[in-house]
2 protein chains.
Amino acid sequence: MSEIKPEISSTEEKIMEAARKVFLRKGYAGTRTRDITLEAGINHALLNYYFRSKQKLFEAIMQEKIVKFLGNLIPVVNDETTSLEQKIHLVVVNYTEMLLENPDLPIFVLSELQKGNFEAIPIVKVVKDIANSSFFRQVATARPDINPAHFFMTMLGMIIFPFVARPMIELSGLVSHSSFNGMMEERKTLITAWMKTIIHEKPM
Amino acid sequence: MSEIKPEISSTEEKIMEAARKVFLRKGYAGTRTRDITLEAGINHALLNYYFRSKQKLFEAIMQEKIVKFLGNLIPVVNDETTSLEQKIHLVVVNYTEMLLENPDLPIFVLSELQKGNFEAIPIVKVVKDIANSSFFRQVATARPDINPAHFFMTMLGMIIFPFVARPMIELSGLVSHSSFNGMMEERKTLITAWMKTIIHEKPM
DNA sequence: GTCTATAACCTGATAGAC
DNA sequence: GTCTATCAGGTTATAGAC
């Protein structure tokens with residue numbers, strides 16, 4: 001039985017891995033292709049041999065990063081078998097854990113999206129799936145008086161914001177570099193409880 | 001009575017104004033000094049005559065933007081005469097209004113800070129003032145069981161996140177471009193109420 | 001202060017040997 | 001597939017005339 005999917009050449013993977021690291025830290029405009037080939041430890045000409053251009057390589061990385069940024073939300077918010085409370089808990093815990101492993105992801109994705117450095121079409125479907133999910137219907141049922149988008153933005157804001165603002169938070173001395181991750185662990189419980197509270201609060 | 005403070009030359013102000021616009025949209029690395037001089041309608045050599053380098057001009061703009069990003073928080077969180085509830089309301093309202101006038105400000109400041117494109121020292125004092133403010137002491141008194149930083153990050157996250165994630169939110173169809181500002185107006189009331197609720201919630 | 005011209009360098013990309 | 005060498009164009013910055 002022969003391999004159907006060809007092995008990705010080790011060189012190609014080395015370039016991808018280096019590109020992930022450098023693009024994530026410096027963004028598209030701030031990255032020099034030489035930074036990537038140096039980081040990858042390969043000859044400069046090979047980048048163009050494998051990916052044709054900086055732009056194409058960036059789009060390959062961006063594709064991956066958007067899937068990572070939004071992908072793990074979809075199975076949770078679309079699950080028709082779980083309650084709203086269960087979904088809140090799962091989103092908060094899963095998303096926080098993903099961010100603890102990829103702390104620079106949100107600022108990268110959101111900033112590149114704002115700058116328009118790539119073709120946004122591939123993410124439209126993903127993001128629309130979330131907007132039409134079971135989660136949104138459950139929120140709308142629980143609180144017909146408030147646009148469900150408010151709760152969703154609030155939940156994601158509570159989860160994501162500390163990661164986006166991390167440099168500023170650490171400069172303030174509010175949270176030290178070494179205690180940041182521990183605080184994010186604490187927030188899993190806090191945010192879950194807060195979201196339940198504000199959703200079940202009696203309409204004014 | 002003669003002017004003590006010399007007038008800023010019209011050319012210098014034209015360059016600053018163009019730089020504000022271009023840096024904010026494209027970031028430091030994505031900006032070409034020619035974009036700025038073209039936008040300003042002035043000769044290219046004048047940028048270096050007035051500001052010596054792209055880097056120095058950027059630092060002048062960044063200084064302004066950080067003051068705008070954090071400055072209007074300080075008088076509110078440091079006011080010893082207001083209650084915690086009043087401070088929450090004032091922060092939410094004032095900050096939302098500032099963001100409605102400067103929607104690209106957070107992603108710009110936070111992304112440049114993450115990339116380390118400027119000297120961060122000037123903001124340390126500002127950010128420490130907030131961390132040691134009356135607001136923080138009042139939160140600590142109201143909820144000795146939870147690190148006050150959690151409430152602060154939560155409040156700012158609820159306010160700022162929609163602006164940072166705006167491109168993605170609009171792609172999702174959750175909020176249309178034309179209804180975004182209206183939703184942010186709605187959030188003033190919602191966030192104020194939510195913050196009061198979670199602070200006064202009985203400790204578990 | 002403002003302009004033209006250009007220096008000095010950097011960057012992405014490719015040609016062509018191996 | 002990988003390498004060396006190099007090009008073409010872009011970018012910041014400055015010299016020097018007005």
Side-chain angles (χ1 to χ4, degrees), chain A residues 2-63 65 108 111-112 115-119, chain B residues 2-3 5-63 108 111-112 115-119:
Chain A
S2 64
E3 282 291 339
I4 294 174
K5 189 173 181 180
E7 289 296 322
I8 290 176
S9 93
S10 154
T11 301
E12 183 170 349
E13 187 43 47
K14 265 192 254 173
I15 297 172
M16 287 282 278
E17 191 50 37
R20 284 182 196 104
K21 193 184 291 191
V22 179
F23 277 136
L24 205 75
R25 196 168 58 234
K26 305 190 174 187
Y28 177 75
T31 293
R32 305 288 90 113
T33 53
R34 278 171 173 78
D35 300 340
I36 295 174
T37 53
L38 193 71
E39 172 79 33
I42 54 109
N43 185 281
H44 185 74
L46 290 174
L47 188 151
N48 293 86
Y49 175 79
Y50 281 101
F51 294 94
R52 242 191 59 202
S53 71
K54 177 188 177 185
Q55 179 69 33
K56 294 259 183 267
L57 173 57
F58 179 75
E59 277 163 16
I61 302 298
M62 198 68 198
Q63 188 82 17
K65 294 302 177 188
F108 171 74
S111 150
E112 294 299 328
K115 294 193 177 66
N117 281 336
F118 75 106
E119 191 46 73
Chain B
S2 62
E3 282 290 340
K5 192 171 179 182
E7 290 295 322
I8 291 175
S9 97
S10 155
T11 300
E12 183 170 349
E13 187 43 48
K14 265 191 254 173
I15 297 172
M16 286 283 277
E17 191 50 36
R20 283 182 196 103
K21 194 184 289 190
V22 179
F23 278 136
L24 204 75
R25 196 168 59 236
K26 305 189 173 185
Y28 178 74
T31 293
R32 305 287 91 111
T33 54
R34 274 173 174 77
D35 300 341
I36 296 173
T37 53
L38 193 71
E39 172 80 32
I42 54 109
N43 184 282
H44 186 76
L46 291 174
L47 189 150
N48 292 87
Y49 175 77
Y50 281 102
F51 295 95
R52 242 191 61 202
S53 72
K54 176 188 177 184
Q55 179 70 33
K56 294 258 183 268
L57 174 56
F58 179 75
E59 277 164 15
I61 302 298
M62 198 68 197
Q63 188 82 15
F108 171 74
S111 150
E112 294 299 327
K115 294 191 176 68
N117 280 336
F118 75 107
E119 190 46 73

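Values in this document were obtained by computation on a predicted structure and should not be read as measured data. Chain identifiers are assigned alphabetically (A, B, ...) following the order of the sequence lines, protein sequences preceding nucleic acid strands; residue numbering begins at 1 within each chain.
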Applied to residues 10-50 of chain A, the ring pair (Phe, Tyr, Trp, His ring centres under 6.0 Å) test, sequence neighbours excluded, yields A/F23-A/F58, A/Y28-A/F58
What is the distance, rounded to the nearest whole Å, between atom [atom1] of [X] and atom [atom2] of [N]?
X     : N      : atom1 : atom2 : answer
A/N48 : C/dT11 : CG    : C1'   : 11 Å
A/R52 : C/dA13 : CZ    : P     : 10 Å
A/K26 : C/dT11 : NZ    : C1'   : 14 Å
B/L47 : D/dT14 : CG    : P     : 11 Å
A/I8  : D/dG1  : CD1   : C1'   : 16 Å
A/L57 : C/dT11 : CG    : C1'   : 15 Å
A/K56 : C/dA13 : NZ    : C1'   : 14 Å
B/F51 : C/dG1  : CZ    : P     : 12 Å

Under 3.5 Å between N/O atoms: give me all the protein pairs with nucleotides 2-5 of chain D, atom names plus distance.
| unit_1 | atom_1 | unit_2 | atom_2 | d |
| --- | --- | --- | --- | --- |
| D/dT2 | OP1 | A/T11 | OG1 | 2.9 |
| D/dT2 | OP2 | A/T11 | OG1 | 3.3 |
| D/dT2 | OP2 | A/Y50 | OH | 2.7 |
| D/dT4 | OP2 | A/N43 | ND2 | 3.2 |

Holding to side-chain hydrogen bond (donor to acceptor under 3.5 Å, both in side chains), I want the full list of residues that pass it with [X], two or more places apart in sequence or in another chain.
X      : value
B/E13  : B/R20
B/K26  : B/D35
A/E59  : A/Q55
B/N117 : B/E112

Residue pairs meeting salt bridge (Lys or Arg N to Asp or Glu O under 4.0 Å), one or both in residues 36-53 of chain A, sequence neighbours left out, come to A/K21-A/E39
Any heavy-atom pair between the side chains of B/T33 and B/L57 that's under 4.5 Å?
no
**Prompt:** Do B/T31 and B/R25 come close enough that some side-chain heavy atom pair is under 4.5 Å?
**Reply:** no
Check: A/S10/A/K14 side-chain N/O donor and acceptor closer than 3.5 Å: no
Expected list for residues 28-41 of chain A near DNA chain C, using heavy atoms below 4.0 Å, is A/T31, A/R32, A/T33, A/R34
